[in-house]
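One structure is given here, and the rest of the page talks about it.
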Amino acid sequence: SDSCEEVLSGFVCSNTKYTYLNNLKCQKCDQGCSSCEWNNVTKCFSCFSGSTLDIINDDCVSITCGNGYLQESEQCDDGNVFDGDGCDSYCQVEQGWKCFSNGTCLSCTLNCLFCPDSISICKQCSNNYLLSEEGFCLTSCSQGYYQEEKTCIKCSDNCLSCNAQECGSCEPDRILFQGNCVESCPAGYNQIYTIAGKECIHFTQPVSYTHLRAHETGRNLVCRLLLEKK
């Protein structure tokens, strides 16, 4: 017959009208393969029980951690079963490491627990450390950032300190107005100097500069004089 009604496991026939591949006979797949490519019997698609598919070389190898082959049940395989080198004795990636398909494992940046994309870009920091938007682990958020849970998030433009809702202080060339940093106060608002910097305050009646100075605290007065000197 020139047709095949059923292909036995571990054999392959042509995918064209099921005609036999080699001299009208089915060819046996490579050792351990339960199915393979019809014109390349060494390229396995699936394996018999007790073996697993090596996704790099497309062949079937025995399921053994530490044999240097990255198998379906493994996150890594560095060719040994020692802990502490990035790939543990169960072929799972250890905290603070990134492992590659060639078996190499490299440590993440300092105080980083998880860096799946790049060793220089952290996704989760150790306890008592905060994750920056750039992927670094910090003891506290830098100026211009605020903390939300264990992450440092950047404030809006020209803002030196903030929370999730609004800015609390602005850069020296900006004035704080209703939680935002502006270049000048809108009509009906006057600029005053506070410990945090310049701020727009609404007054119902015109207020003289002398009145503003009279209501400053001693510390605010020093801040104002220093800013005016600039």
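All heavy atoms count here, side chains included; hydrogens, waters and symmetry mates do not. Source: prediction; values computed, not measured.
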Using a 3.5 Å distance criterion without hydrogens, assess whether the side chain of [X] forms a donor-acceptor pair with backbone atoms of [Y].
X	Y	result
Asp58	Lys43	no
Gln191	Cys200	no
Thr194	Gly197	yes
Asn111	Cys137	no

* **Pairs where residues 149-171 contributes a residue and the test ring pair (Phe, Tyr, Trp, His ring centres under 6.0 Å) is met, not counting sequence neighbours** => none

* Would you mind listing every ring pair (Phe, Tyr, Trp, His ring centres under 6.0 Å) that reaches into residues 141-182, with sequence neighbours excluded? => Phe177-Tyr189

Among residues at least two apart in sequence or on other chains, which ones pass side-chain hydrogen bond (donor to acceptor under 3.5 Å, both in side chains) with [X]?
X	answer
Asn57	Asp54
Thr42	Asn40
Ser46	Ser34, Ser35
Asn102	Thr104

Output every pair passing salt bridge (Lys or Arg N to Asp or Glu O under 4.0 Å) with a member in [range], not counting sequence neighbours, ordered by first then second residue.
range	result
residues 146-163	none
residues 109-132	Asp117-Lys123
residues 165-178	Arg174-Glu183
residues 91-113	none

Flag if over 12 foreign heavy atoms under 6.0 Å of [atom1], [X]:
X	atom1	value
Phe45	CZ	yes
Gln31	CD	no
Phe100	CZ	yes

* Partners passing side-chain contact (heavy atoms from CB on, under 4.5 Å) against Cys47 (at least two apart in sequence or in another chain) -> Ser51, Leu53, Cys60

* To do: Under the side-chain contact (heavy atoms from CB on, under 4.5 Å) rule, collect the residues that match up with Asn180, sequence neighbours excluded.
  => none

* Asked: Yes or no on side-chain hydrogen bond (donor to acceptor under 3.5 Å, both in side chains) for Ser161 and Ser169, after CA distance, side-chain angles and deciding distance?
  -> CA-CA 5 Å; Ser161 64; Ser169 63; 2.6 Å; yes

Check [Y] against [X] for me: are their SG atoms closer than 2.5 Å?
X	Y	answer
Cys108	Cys115	yes
Cys105	Cys99	yes
Cys36	Cys44	no

* Asked: Can you find a pair of side-chain heavy atoms, one from Asn190 and one from Ile201, that are under 4.5 Å apart?
  -> no

* Asked: So do Cys125 and Leu130 actually touch side chain to side chain, heavy atoms under 4.5 Å?
  -> no

